[in-house]
Amino acid sequence: MNRILYKSTRGQGEQITASAAILKGIADDGGLFVPTEIPEPGIPLNDLINMDFKNLAYHIIKEYLQDFEEVEIRDCINKAYNEKFDTPSIAPLVKKSGVYFLELFHGPTLAFKDMALSILPYLLKTAAKKQKLNKEIVILTATSGDTGKAALEGFAGVPGTKIIVFFPKSGVSEIQKMQMVTQTGDNTHVIGIEGNFDDAQTGVKNIFSDKELQKDMSALNYVFSSANSINIGRLIPQIVYYYYAYLQLCRMGDIKAGEEINFTVPTGNFGNILAGYYAKKMGLPIKHLICASNENNVLYDFFNTGIYDKKRDFIITMSPSMDILVSSNLERLLYYIHDEDSDMVNELMTQLSLKGAYVINKQAKEKLSDFYGYYASEADTSEAISEMYKSDGYIIDTHTAVALSAYGKHRNQKCDFDTKTVILSTASPYKFAPEVMKSIDPKYSELNSFHLIKKMSRLMKAEIPGGIRDLNNKPVIHNTVCSKDEMKEQVVTILKL
């Protein structure tokens, strides 16, 4: 295998090392970094079966971070996946009513973003040392609810960093908002915007590509990086839990090594399911990746028609982390299905920017055969929560419910009843208590989030997780709200440029 470096999906700029790509976050031409090739694990699948999460993480991550030493990678892993998680297994696989759920919400912020954002600060610090970077790193990120808190948790108090998070002030749950605006740490800054997630994401991308701003920052010894899954350092650790789910199924005796399985993934910005695509390309026996959307079903349309069209109403749903019309990580998939043709990616991204839509050609569409797209209405989502609780007493959050609904549609439409399927459970139901509890029983409609958390705890016969236990008693630290056009101004003010 050749040495793995990183290049932009849009083709400009030289190939760079993993540490340089992690530090930059986004390429100078606005593209996303991709590895020059997708590696295979250096150890056979059978030999991975009995590994714990940390050892497995090392054997996957090391293939991508080839300029990192073993001791550096293991140190990052050990610092990330420790007592911050409330279970030693980090991401347990549970079987309920014949359905497999990979619980990715056992970290400090109760969402799957912890799986990658617990390690990213350590990867960034290590990368900075390797690149002999003596500047202060400014983490700039947009969030639809979960990335923000997970990034704040990961970077709060980390020397040599500042973190600025933008979130849609009316587009996250009450719990998600309180988790962010009560965040402590002198280096943390949280700003609500009057707009939706796509507005926040576009604003962040524009700030990243502002050359004059970069010059001003450089003069004051600052450099930008990203905590969103546009950063390859965020994406690579997510590959690990696909392998971990598969190996747990092997250990349970429910599949044999080499048997194909499906994954159903609640999808917004496309980073989570893209990690599954990387796992499949690495050789993990994945049959299909089922892309589950809510009523903002731009990805459903894309996978079924080959047309990506963001020109539609933005719908606020009970699964707000998926309320997205511009899925940034899809650019990486476009790169692969167009045979790594950067000119074509450039053309499609230009069309999306200028016209709000693009159409892929027949050959590219045929290469989407790894994916199936489905979407769940609000009624579908509520029904999935209700039915799972009635059948097994198991409470799932709204995003997981979207995936469960999509799974059912896939089984019925494709008559795929025999392939074992893992649903990625991306958040704790506590984070979306009003919608979840109302779906279980309409009598809960009148109670606020914090009363409902207590009710949910009784139903689950479990303690309220520490990350939100006393959230309603914490002081609000971050009160700033701005328009989507004032985001750069806020960054300039915070950094005193």
Side-chain angles (χ1 to χ4, degrees), residues 1-8 13-27 32-45 47-48 50-85 90-91 107 114-137 139 151 154-155 157-161 223-227 229-244 247 275 278-279 281-284:
M1 184 180 71
N2 298 319
R3 184 182 181 214
I4 290 178
L5 295 170
Y6 289 82
K7 56 186 176 180
S8 170
E14 60 185 12
Q15 296 179 359
I16 60 177
T17 61
S19 57
I22 289 170
L23 275 176
K24 288 179 77 69
I26 191 168
L32 307 186
F33 286 114
V34 289
T36 47
E37 64 179 272
I38 297 176
E40 293 183 5
I43 184 168
L45 193 61
D47 292 346
L48 296 172
N50 292 315
M51 283 188 183
D52 63 13
F53 187 88
K54 289 183 183 180
N55 277 311
L56 176 65
Y58 169 72
H59 283 284
I60 300 300
I61 292 172
K62 76 179 178 69
E63 302 296 338
Y64 288 91
L65 308 187
Q66 294 188 356
D67 63 328
F68 283 63
E69 302 294 331
E70 175 176 351
V71 66
E72 292 172 328
I73 297 173
R74 288 196 182 275
D75 182 57
C76 291
I77 289 169
N78 288 333
K79 287 176 177 174
Y81 304 112
N82 54 20
E83 65 279 354
K84 294 193 297 286
F85 287 79
I90 308 297
D114 289 325
M115 299 298 295
L117 283 166
S118 290
I119 192 172
L120 182 61
Y122 302 108
L123 293 177
L124 266 168
K125 285 177 67 178
T126 305
K129 287 179 185 176
K130 299 184 82 62
Q131 293 291 317
K132 298 180 171 55
L133 184 74
N134 296 316
K135 296 185 176 183
E136 185 162 6
I137 301 169
I139 306 300
F155 283 95
V158 173
T161 69
V223 63
F224 277 136
S225 191
S226 173
S229 53
I230 57 174
N231 191 320
I232 197 71
R234 235 295 289 281
L235 186 63
I236 289 167
Q238 292 180 257
I239 300 169
V240 177
Y241 52 71
Y242 283 89
Y243 271 86
Y244 195 55
L247 300 176
Y278 272 76
K281 293 302 180 187
M282 290 180 73
L284 189 67

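Just so you know, residue 1 is the first one in the sequence shown, and it goes up from there. Below, each value reflects all heavy atoms present in this structure, side chains not excepted, and no hydrogens, waters or symmetry copies.
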Side chains of L32 and I26: does their closest heavy-atom pair fall under 4.5 Å? yes
Looking only at side chains, do D75 and N78 share a donor and an acceptor under 3.5 Å apart? no
Test your reading of the model: is there a side-chain donor-acceptor pair from S225 to the backbone of I22, 3.5 Å cut-off? yes
Measure the shortest side-chain to side-chain distance between F68 and L123 over non-hydrogen atoms and say whether it is less than 4.5 angstrom. yes
Evaluate the side-chain proximity of L247 to F53: yes if any heavy-atom separation is below 4.5 Å, no if none is. no
Heavy-atom nearest pair, I232 first then F33, reads CD1-O, 3.6 Å
Side-chain (Q238) to main-chain (M115) donor-acceptor, under 3.5 angstrom: no
Between Y122 and V158, is a side chain to side chain contact (heavy atoms under 4.5 Å, CB included) present by the stated rule, with each step listed? CA-CA 9 Å; Y122 302 108; V158 173; over 6 Å; no
Is there a donor-acceptor contact under 3.5 Å from the side chain of K130 to the main chain of D67? yes
Backbone N/O of I77 and side chain of K54: donor-acceptor pair under 3.5 Å: no
Looking only at atom types and distance, does a side-chain atom of Q66 sit under 3.5 Å from a main-chain N or O of I4, one as donor and one as acceptor? yes
When you measure from the side chain of S118 to the backbone N and O of Y81, does any donor-acceptor pair fall under 3.5 Å? no
Kindly write out the residues that satisfy salt bridge (Lys or Arg N to Asp or Glu O under 4.0 Å) with D47, not counting sequence neighbours, or none if the list is empty. none
